[in-house]
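Keep in mind the model is a prediction, meaning the values are calculated, not measured.
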Amino acid sequence: MNTYNKIFKNILLVGVLVSMIGCSPTVNYIGKNYNPTQNIDVFLDTNDVKKNYEVIGKVDGISGVLGSSYQEIQDKVVQTAKEKGADAVILYNMEQRIIGSTSSSNTVEHRQWMKNTTTESTNVTEDVLHADFIKYIP
């Protein structure tokens, strides 16, 4: 019985960890790294940036499997920008990607000779926020 308790506790722990990870957004970054920064300017259009700059990286902020708001994704992108040493972030696109689908069927028998089957499909999606990390040029 003790072995079953250990197995159950391990399964429960894995489930909790997966759900915690699945809830938080992730960031995929490609680009240069600099010393971390503390303050990040956030822009929605390149025309809003009034200083000379260079793009140091590209990023996709992605909702967790269980979903995250765009604000949570943006917060994670800004945190990553600080870690990578960016001076600012230009947010330029939001999209919803289909990453899979699920379907289910239900059969109802009205009488011996009448059956009604319904099938329902649902897309599984993730929200993505695209951005550029920039460094100001003196």
Side-chain angles (χ1 to χ4, degrees):
M1 185 89 160
N2 196 14
T3 303
Y4 293 115
N5 285 339
K6 288 180 181 178
I7 292 172
F8 178 74
K9 286 180 182 179
N10 287 339
I11 291 172
L12 185 61
L13 178 62
V14 168
V16 168
L17 289 174
V18 167
S19 66
M20 287 172 54
I21 292 168
C23 292
S24 62
T26 59
V27 173
N28 293 331
Y29 175 76
I30 185 169
K32 300 175 187 174
N33 294 310
Y34 293 89
N35 291 328
T37 53
Q38 295 301 314
N39 298 315
I40 299 291
D41 296 327
V42 177
F43 299 102
L44 301 177
D45 190 278
T46 55
N47 294 326
D48 296 336
V49 183
K50 302 302 179 198
K51 299 177 182 178
N52 292 328
Y53 67 91
E54 70 171 315
V55 175
I56 64 166
K58 302 280 187 181
V59 67
D60 287 341
I62 303 167
S63 64
V65 175
L66 300 177
S68 300
S69 70
Y70 278 112
Q71 184 61 54
E72 291 170 321
I73 300 169
Q74 178 180 326
D75 292 345
K76 182 72 172 188
V77 167
V78 168
Q79 179 61 39
T80 303
K82 290 178 182 179
E83 293 167 5
K84 300 299 181 184
D87 293 321
V89 172
I90 303 172
L91 306 171
Y92 62 87
N93 192 15
M94 298 183 307
E95 69 172 306
Q96 194 170 66
R97 291 183 194 159
I98 297 173
I99 58 173
S101 63
T102 61
S103 63
S104 62
S105 296
N106 186 26
T107 301
V108 178
E109 192 172 315
H110 297 289
R111 294 194 172 104
Q112 292 176 347
W113 66 89
M114 291 179 62
K115 291 183 180 181
N116 186 14
T117 301
T118 58
T119 302
E120 183 177 304
S121 293
T122 304
N123 288 331
V124 178
T125 61
E126 65 184 6
D127 296 322
V128 182
L129 180 61
H130 303 282
D132 288 340
F133 288 179
I134 64 173
K135 194 87 175 148
Y136 296 132
I137 300 171

Without placing hydrogens or testing angles, list every side-chain donor-acceptor pair under 3.5 Å for residues 48-56, not counting sequence neighbours.
{"unit_1": "Lys50", "atom_1": "NZ", "unit_2": "Asn47", "atom_2": "O", "d": "3.0"}
{"unit_1": "Glu54", "atom_1": "OE1", "unit_2": "Lys32", "atom_2": "NZ", "d": "3.4"}

Is the number of heavy atoms from other residues, nucleotides or ligands within 6.0 Å of CD1 (Ile30) greater than 12?
no

How about CG on Asn39, more than 12 heavy atoms from neighbouring residues, nucleotides or ligands closer than 6.0 Å, or not?
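It does not: Asn39 CG has 12 such atoms or fewer within range.
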
So if you build clusters from Ile, Leu, Val, Met, Phe, Trp, Tyr with side-chain heavy-atom gaps below 4.5 Å, do [X] and [Y] land together?
X	Y	value
Leu129	Leu44	yes
Ile134	Val89	no
Ile90	Val42	no
Tyr29	Val77	yes

For Asp87, all residues meeting side-chain contact (heavy atoms from CB on, under 4.5 Å), sequence neighbours excluded
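Applying side-chain contact (heavy atoms from CB on, under 4.5 Å) to Asp87 gives Thr37, Lys135, Tyr136.
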
Mind checking what makes salt bridge (Lys or Arg N to Asp or Glu O under 4.0 Å) contact with Asp132, not counting sequence neighbours?
Lys58

Is Ser63 close to Glu126 at the side-chain level, that is, under 4.5 Å between some pair of heavy atoms?
yes

Other members of the hydrophobic cluster containing Ile62, with the 4.5 Å side-chain heavy-atom rule, please.
Val128

Between Lys76 and Pro25 the two heavy atoms that sit nearest each other are CE-O, 3.7 Å

Heavy-atom pair with the smallest gap, counting every atom of Phe133 and Ala86:
CB-CB, 3.9 Å

Asn93: partners by side-chain hydrogen bond (donor to acceptor under 3.5 Å, both in side chains), with sequence neighbours left out:
none

If the condition is side-chain hydrogen bond (donor to acceptor under 3.5 Å, both in side chains), which residues does Gln71 pass it with, not counting sequence neighbours?
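Testing Gln71 for side-chain hydrogen bond (donor to acceptor under 3.5 Å, both in side chains), a comparison that skips the adjacent residues, returns Asp75.
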
I need the [X] [atom1] to [Y] [atom2] distance, nearest 0.5 Å.
X	Y	atom1	atom2	answer
Tyr92	Thr46	OH	OG1	11.5 Å
Asn28	His130	CG	NE2	10.5 Å
Glu83	Thr80	CD	OG1	5.0 Å

If you apply the rule side chain to side chain contact (heavy atoms under 4.5 Å, CB included), what do you find for Phe43 with Leu91, and how did you get there?
CA-CA 6 Å; Phe43 299 102; Leu91 306 171; over 6 Å; no

